[in-house]
Each structure stands twice: as C-alpha cells, then as structure tokens.
There are 2 protein chains.
Amino acid sequence: MPKISDKQRESRRQQILEAALACFAEDGFHQTGMADIVKRSGLSHGAVYLYFQSKDDLIEALADDRHRREGVLNSVAQGSGDPIEGLHALVRVYAQWLTDPAGEARRRVGIHGWAEALRNRRVRNSVVEGIDMPRALIVALVERGQHDGLIKRDLGAEAIARVLIAIFQGFVLQKCWGEDIDVEACMAAVAVVIEGFRTAKPDVRRRARM
Amino acid sequence: MPKISDKQRESRRQQILEAALACFAEDGFHQTGMADIVKRSGLSHGAVYLYFQSKDDLIEALADDRHRREGVLNSVAQGSGDPIEGLHALVRVYAQWLTDPAGEARRRVGIHGWAEALRNRRVRNSVVEGIDMPRALIVALVERGQHDGLIKRDLGAEAIARVLIAIFQGFVLQKCWGEDIDVEACMAAVAVVIEGFRTAKPDVRRRARM
DNA sequence: AAAAAGTGACTGACTGGTCGTTTTTTATTT
DNA sequence: AAATAAAAAACGACCAGTCAGTCACTTTTT
C-alpha cells in the first residue's frame, strides 16, 4: 500500500532537484548546505534523504545536463545536408541556449561542475561524457565536409571540434560573470571562424552529394 | 627588534602560498582545510595566520595570476609590426603556457577561481580584471589590423577578442580534465581561425605601414 | 632582555546525515 | 459511506565530526 503515485514521487524529486539547482547556482556545491536545499524545497530534512542518498548524489544528478539537449542537437546538426550549414545551425542553437534567461542557473551550475570535475571522478566523467556527444557531432560534420571538399583537409576534425567547443565554454564563463557581451557580434565572429575552415576554392574532384 | 628580514618574511609568505596553491589545485578552495595548508607548508596553524588574515585572504591572493604574465604578453603582442602576426604570437605564447607541466597547478586553481567568481565578488573582479588586460591587447591589435585593411571591418574587435579568449579558456578546461588533446593540431586550427579574420583581398586603399 | 616569530591545544559554530515520532494516504472491513 | 488498519512519507531534534580561527605559551633572534 504505497502512499503516493509514481507521478507524485517524480514531482517531489524534481522539486528537490530544482531547489538544489537554485542553491548550487547561487553558492556552489560546497558552500551550499543541505539545510539551504531543505529550506528552499519546502520539505523537511528527512524527506530530502528519502529521495537522495547524500549530497553527493544531488551533485552528481545536477553536475551535468547533457540528457536535456541530446535529441535537439542531433536533429539540428543533420537538418541540412550541408555540413558547414550544420555547424552554423549548431552555433545558432548554442547562441539561443546561451542567452536564454531561464537557463542561467543551469549554466552557473555547469561552471561549478567544471571545477568539481577536477576533484570528483564521477563528476568528471559526467562532464567529459557530456561534451563527447556534441564533439562527436561536430567531428562527423567536419569529416563529411572534408570528404566533400568543403572543409580544409589539413586540419584535424577533432581539433576543429575542440576549438568550437572551447568557444562555447568560454562564452558561458564570460556571460555568467556578468560581463556585458554583444552576443550578436560574437556569434557573427564565430560564423566567420567557421567560414575560415572552408576550403578557399572548393575541391572539384569530389564534390558534395546534393 | 624585529626578528626576520623582509626577504625571509617574503619567503615564508611564498612558502604558504605555494602550499595553498597545491592544496587548492587538488581539492578546490572549499574542500581544502586550513589544516591541509598548514601541514603542507610545514608551518604551524598559528604561523599561517601571521601572514594571512583568513582563508579568504589566501583564496583572493591565488584566485588570479594576472600579475605574472602582464609584461610578457605585452611585449610579445607588440613584437612584430604586423597585427595579425601579433595575434599568432599571442597564440604561440598561450600554447606554451597551456602545455607547461609546471603551470598545471595554476591552471587548475584558475578553474576553481572561475567558479568561485560566481559567488565571491572580489574573486570575480580579480578574474574579470585578469582577462581585461589580454582582451585590451587583442582589441588593440585587431583595431590596428582593421585600420590597416588587414582584418575584416564588419567584425567587432571586441567580439574577436572575446572569441579568442573563449578559446583559451575552453582549452584550459579540456586540458585540465585530462583529455588527451593534440595541442599542435588544435593550435593549427586556431591559426586558421585567425587567418579567417583576415580580409579576403587586402584593402588597397589604406595599406599597412610596413 | 626584549620583542617578534612561531606553536598547537582548544573553541564555538556549523556540517551532513540519522532516527524515533507524527502525519497522510490508501486498502480493506464494516 | 464510515471506520479501521497499516504502511509509506514526512518531520525535525539530534549527533558525531569537522571547520576556520584564537590565544596563552615557547623559541628564536637581535
């Protein structure tokens, strides 16, 4: 005779996660006390421990949000047949994600997670796996572009992917520090960066498929 | 009748700072206890407090290392008359700094500082001011390049600077997480990025000075 | 001898986590 | 439909351990 339905259980879980997200975003993992999370969640101390074994459990559950965007990115990248257009599309999605006010807390927690990844192996794995997906996506696009003669062949696809991801990460940092950034202008610069990877004169020997 | 010379005093201070750097690099600011720093420094608990008022004092003293490279960057950027060559030179210096094993601890502490900047105003100011200097340097180079017709004029110099800095920051993260990165290949990609900012056909109306 | 430098046991506040108790919900019986 | 029983869910006072920081004292140097 269980008391609450699975739906209610999941809702309570989310309630705690949301409280923890807000607290961690404000003060980081280690400066946030369980008491803070308890207070913010509106539940009691003991109730929280019914849903999460420990504070570390909560941290691991929040350190990484890759599960949210997996599908979106994939479809965006594949949307157009043109690999370079795919890269541009990824940048557009990213720019939107970067400027969404509702995502502020997640971005901040993400940064705390980046630091925590340096000392917590599980968080590190979570973070690294989280960037593996978009990286693989970019690598695939670039390799296709290189095969089609659209992207310079003397550059490593992996290297290009890491550069793009580094740009994303850096902008999250700069944005979260509250610097006033002209996102439009910056994304225009990133677009130029991508165009810089394009072959000067398209290799006609093996041309694109469409 | 003071007991130790200024030189000795400074040396003791460094001794503590080095111990704190190593500890913070390993475990972050908040998971490192004063006891850890005390033990590692070889001094006593009380002695540390003779040199630093509080743990926060130590954090602020270490959160940012801008004072170390101020001179170097400036001379490197100005070394050649060509602004674009100046950007390439900056990237080379940065690549060297990124791969220097002796700098590992500083890079890691830097990342912890990036997270701490989200909640500690003084650390934030320190971090932001720390990137202001190289940013101003890049902006100056780019604006000169644009004036000389070497760099695309439809891009904001600020935006380009922020993109390059974001790349730097992102690579620090990825490197410190222990991913095996082909730094050579990545820096080659960054070089291509910089070349991408160059005007396709040099603007002949106002050509460079040399 | 005098004063700074250095020591380390100690403290009070706070931490994450537990557990005996109370409340709420549902299944069953009346 | 009302009463009952039982178990899950929620509560919050409590605990052992840890923390940053202090201070009465000893050592070292001039």
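We name chains A, B, ... by the order of the sequence lines, and we start the count at 1 in each one.
As a whole-Å value, the separation of Tyr51(B) OH from dA20(D) P is 21 Å. Atom CZ of Arg12(A) and atom C1' of dT25(C) are 12 Å apart (whole Å). Atoms CZ (Phe52(B)) and C1' (dT22(D)) sit 19 Å apart, rounded to a whole Å. Rounded to whole Å, the distance from CG on Asp27(B) to C1' on dT18(D) is 14 Å. Between the CG atom of Leu50(A) and the P atom of dG12(D) there is a distance of 14 Å, rounded to whole Å. Distance Gln8(B) CD to dA5(C) P: 10 Å, rounded to the nearest Å. Between the P atom of dT25(C) and the CZ atom of Arg9(A) lies a distance of 16 Å, rounded to the nearest Å. As a whole-Å value, the separation of Arg13(B) CZ from dG6(C) C1' is 18 Å.
Every residue was checked against the side-chain hydrogen bond (donor to acceptor under 3.5 Å, both in side chains) condition with Arg9(B), not counting sequence neighbours, and none meets it. With sequence neighbours excluded, no residue forms a ring pair (Phe, Tyr, Trp, His ring centres under 6.0 Å) with Phe171(B). In this structure, the side-chain hydrogen bond (donor to acceptor under 3.5 Å, both in side chains) partners of Asp132(A), at least two apart in sequence or on a different chain, are Arg135(A). Residues that satisfy the ring pair (Phe, Tyr, Trp, His ring centres under 6.0 Å) test with Phe29(B), not counting sequence neighbours, are Phe24(B).
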Name the atoms and distances for all side-chain donor-acceptor pairs under 3.5 Å in residues 43-54 of chain A, with sequence neighbours left out.
unit_1	atom_1	unit_2	atom_2	d
Ser44(A)	OG	Ala47(A)	N	3.2
Ser54(A)	OG	Asp56(A)	N	3.4
Ser54(A)	OG	Asp57(A)	N	3.2

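Counting non-hydrogen atoms of neighbouring residues, nucleotides and ligands closer than 6.0 angstrom, the CD atom of Glu184(A) reaches no more than 12 such neighbours.
For the pair Ser44(A) and dA10(D), the criterion of a side-chain N or O lying under 4.0 Å from OP1 or OP2 is not met.
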Requested in this report: Scan nucleotides 12-21 of chain C nucleotide by nucleotide, 5' to 3', and note B when protein non-hydrogen atoms come under 4.0 Å of the base, S if they reach only the sugar-phosphate, - if neither.
Outcome: ----SBB---
